[in-house]
Protein chains: 2
Amino acid sequence: MNVTGHTRRPASIRDVATAAGVSYQTVSRVINGHPSVRPSTRERVLAAIDELGFRRNATALALASGRSRAVTVLTANTTHYGYASILQGIEEAARAASYAVGIGVLESAEDAAVAAEVQRAADAGGGIIVIAYDPAGVRALGAVPAGLPVVGVVETPATPPGGDRPWVWADDREAAYQATRHLLSLGHATVHYVAIPSSTRRTSARTGGWRQALKEAGAPEPRPVQSSWGPAGGHAAGLKLAKDQSVTAILCGNDDLALGVLRALHESGRSVPGEVSVAGFDDAPHSAFLTPSLTTVRLDFTGLGRSAFALLHGVLEESAPVAPHPVSVPELVVRESSGPPPAGA
Amino acid sequence: MNVTGHTRRPASIRDVATAAGVSYQTVSRVINGHPSVRPSTRERVLAAIDELGFRRNATALALASGRSRAVTVLTANTTHYGYASILQGIEEAARAASYAVGIGVLESAEDAAVAAEVQRAADAGGGIIVIAYDPAGVRALGAVPAGLPVVGVVETPATPPGGDRPWVWADDREAAYQATRHLLSLGHATVHYVAIPSSTRRTSARTGGWRQALKEAGAPEPRPVQSSWGPAGGHAAGLKLAKDQSVTAILCGNDDLALGVLRALHESGRSVPGEVSVAGFDDAPHSAFLTPSLTTVRLDFTGLGRSAFALLHGVLEESAPVAPHPVSVPELVVRESSGPPPAGA
DNA sequence: CGCATGAATGTGACCGGTCACACAAGGCGC
DNA sequence: GCGCCTTGTGTGACCGGTCACATTCATGCG
């Protein structure tokens with residue numbers, strides 16, 4: 001090991017070559033595991049590498065070979081539970097594969113801003129993963145120039161794509177369906193829905209699953225309440241719904257929204273689950289500890305992130321066969337916030 | 001603009017040079033804003049750049065010049081509110097300065113694993129920001145080889161460092177002090193503390209602020225309850241404290257912990273704030289919407305992240321003067337979860 | 001025994017930029 | 001009219017790897 005205190009320029013393969021008495025190309029062969037290197041030579045080179053503390057320069061590798069072992073994740077948000085968990089999953093998988101992970105935040109959904117951010121991601125080299133749950137993400141996915149390796153993390157598509165499309169998704173349509181059926185099965189006449197901002201299409205996957213469950217049960221379909229991502233949005237929506245005495249069950253587009261709704265119901269003097277049942281979406285870490293604890297549907301966001309990376313990895317390197325990603329089954333988690341409707345209803 | 005559909009190799013400065021009828025060096029001068037280029041020449045080059053859709057190759061730039069306009073953030077976690085917010089702040093500032101942001105997660109605090117992750121960050125080139133609120137982070141900060149540009153985001157240091165040290169921190173010591181004084185001022189005999197895992201030192205900054213407030217008030221100092229980061233840890237700690245009828249005020253190391261404590265008190269039949277007051281730390285987005293809403297101390301994590309980047313930016317480029325980062329003042333947010341102790345106590 | 005074959009290694013060019021320096025043309029002072 | 005400085009531009013080497021090809025030497029086979 002290099003123990004000299006000087007912060008000298010790090011050793012290059014030519015330094016190693018000189019130290020080992022071979023050509024730089026032989027060093028290159030050794031670090032790349034090329035078979036036709038005499039064992040004794042390999043030994044000497046490895047010794048020199050160790051002695052000089054050589055590390056292969058990632059920048060030079062990227063420039064010379066074109067491959068860069070890097071992913072850039074484009075996302076509108078890094079703090080919300082779902083987004084953060086997907087990012088975590090990507091990072092895990094990327095680290096395991098020795099890939100570097102970069103992030104770019106889509107602060108605005110405006111076309112020019114999105115395009116600029118996509119450009120930056122493209123400049124970084126390597127692959128791109130776009131989290132396309134919102135308008136900014138959807139636009140970014142669309143703005144990625146053809147030919148670049150990219151994978152989208154999207155809502156459940158209306159019709160499953162050809163199987164080889166570079167997209168992954170959690171089955172949030174099914175999740176919404178399950179949650180709605182759960183509430184209906186408790187005896188509620190219908191279920192109201194507080195929606196997260198849709199990705200761009202008229203009907204988001206979550207809304208679709210909710211609607212389907214209502215339709216199958218012959219329940220009336222109330223207008224969904226459009227909201228934002230955070231608890232404040234849920235709070236506002238909750239205050240509105242609380243005024244309507246006929247509302248006995250509310251499904252929320254995510255757990256943060258549900259939190260706001262719970263608070264609004266509390267402030268309006270309506271008890272949960274006595275008078276109104278509430279269900280969330282995502283099973284965020286805090287949901288089990290709320291009072292009342294929140295009935296919700298768990299989605300495996302971390303696994304989704306891992307799948308996204310695996311798919312991209314397959315696109316970037318021929319090796320790993322691009323198995324169509326396993327859509328994990330959402331899991332209904334029944335807690336205190338849902339129960340039968342009040343007797344009078 | 002290049003409108004041909006072919007995914008051809010992107011244009012290099014030599015392509016632009018040929019198109020504009022100049023040498024590649026002149027193109028280099030134009031894209032770097034070098035003054036001595038005849039306006040008419042500059043014009044022609046810019047036209048060629050536009051026509052070919054030329055973008056400067058970041059990898060080649062990094063290799064040739066040594067500067068890489070990139071930051072890698074090393075952190076033990078990306079999903080907890082504080083960490084995620086710091087990351088968000090860093091990203092914002094980095095984006096504004098046209099820097100790429102990479103992340104590396106310290107999954108284990110084990111020395112070898114930490115060292116490997118630090119190596120990866122170093123390999124990426126550019127600067128490093130280490131979030132050192134926990135043992136893994138602290139070790140990573142220590143493992144960064146001398147000579148590399150690095151900034152640490154740390155707990156309030158016991159004695160403010162020389163002013164030019166590449167560290168930033170929020171005043172969490174003061175924040176804990178304020179929260180504790182608030183609870184004492186309501187009439188509580190003392191305040192119990194549920195601690196997040198300390199960074200490594202015996203006494204964390206938060207613990208120190210709490211202790212100081214107790215000491216100044218002449219209040220007895222109960223043993224802090226060591227816990228984890230998430231609500232589950234707070235729940236366990238809360239169940240223990242709930243059994244002790246003398247406990248009337250609890251300060252928690254963060255809002256997630258406080259959430260778990262609230263739940264534990266609820267399950268134990270102890271009312272908040274009637275019998276027990278609870279205060280959190282960080283003012284996470286959901287804290288205002290809990291029932292009861294959570295008294296907490298707000299820390300500007302996003303601003304902290306921005307400061308960290310600004311400091312690193314100053315280290316990497318001589319330009320921006322390295323103003324010592326402004327330690328923002330924590331803000332006590334009094335909500336429903338704190339009140340006077342029960343009459344009998 | 002001569003030659004094709006393959007293993008082990010070396011040489012030069014290249015990736016796309018930057019840097020140091022050379023060089024031509026024009027303006028100015030003397 | 002000469003030298004000198006400044007402005008504008010071009011040439012070659014270099015950053016640290018990879019790639020394509022050349023070279024050397026030992027081996028197998030007709």
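Keep in mind the model is a prediction, meaning the values are calculated, not measured. Protein chains get the first letters and strands the later ones, always in sequence-line order, with residue 1 at the start of each.
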A/Glu317 and A/Arg67 ion-paired at < 4.0 Å: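 Here A/Glu317 does not pair with A/Arg67 in a salt bridge, since their nearest N and O are not under 4.0 Å apart.
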NZ/NE/NH1/NH2 to OD/OE distance under 4.0 Å, B/Glu107 and A/Arg95: yes
So what does [X] touch, heavy atoms closer than 4.0 Å: a base, only the sugar-phosphate, or nothing?
{"X": "A/Arg67", "answer": "sugar-phosphate"}
{"X": "A/Arg56", "answer": "sugar-phosphate"}
{"X": "A/Arg55", "answer": "sugar-phosphate"}
{"X": "B/Leu61", "answer": "sugar-phosphate"}
{"X": "B/Thr59", "answer": "nothing"}

Do A/Arg14 side-chain and D/dG17 base share a donor-acceptor contact under 3.5 Å? yes
Determine whether a donor-acceptor pair (one donor, one acceptor, N or O, separation below 3.5 Å) exists between the side chain of B/Arg38 and the base of D/dT7. no
How many Å lie between [atom1] on [X] and [atom2] on [N], as a whole number?
{"X": "A/Gln25", "N": "D/dT18", "atom1": "CD", "atom2": "P", "answer": "8 Å"}
{"X": "A/Ile49", "N": "D/dG16", "atom1": "CD1", "atom2": "P", "answer": "16 Å"}
{"X": "B/Ile13", "N": "C/dT18", "atom1": "CD1", "atom2": "C1'", "answer": "8 Å"}
{"X": "B/Arg29", "N": "D/dG10", "atom1": "CZ", "atom2": "C1'", "answer": "8 Å"}
{"X": "A/His34", "N": "D/dC19", "atom1": "NE2", "atom2": "C1'", "answer": "12 Å"}
{"X": "B/Tyr24", "N": "C/dC19", "atom1": "OH", "atom2": "P", "answer": "13 Å"}
{"X": "B/Leu63", "N": "D/dC14", "atom1": "CG", "atom2": "C1'", "answer": "9 Å"}
{"X": "A/Asn57", "N": "D/dC14", "atom1": "CG", "atom2": "C1'", "answer": "14 Å"}

Between D/dC15, C/dG17, D/dT18, spot the one nearest the side chain of A/Arg9, thanks. D/dC15
Out of D/dT18, C/dT9, C/dG16, whichever nucleotide has its closest atom nearest the side chain of A/Val37: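 Within the option list, the nearest is C/dT9.
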If the cut-off is 4.0 Å, is [X] near the phosphate of [N], judged by side-chain N/O to OP1 or OP2?
{"X": "A/Thr26", "N": "C/dG10", "value": "yes"}
{"X": "A/Asn32", "N": "D/dT18", "value": "yes"}
{"X": "A/Ser23", "N": "C/dG10", "value": "yes"}

Heavy atoms only: give me the nearest B/Leu63-A/Ala60 pair and the separation to one decimal.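 Here B/Leu63 and A/Ala60 meet closest at CD1-CB, 3.9 Å.
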Any donor-acceptor N or O pair under 3.5 Å, side chains B/Asp15, B/Tyr24: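 Absent: no donor and acceptor within the cut-off.
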side-chain contact (heavy atoms from CB on, under 4.5 Å) between A/Thr41 and A/Val22: does it pass, once the steps are laid out? CA-CA 8 Å; A/Thr41 310; A/Val22 296; 3.9 Å; yes
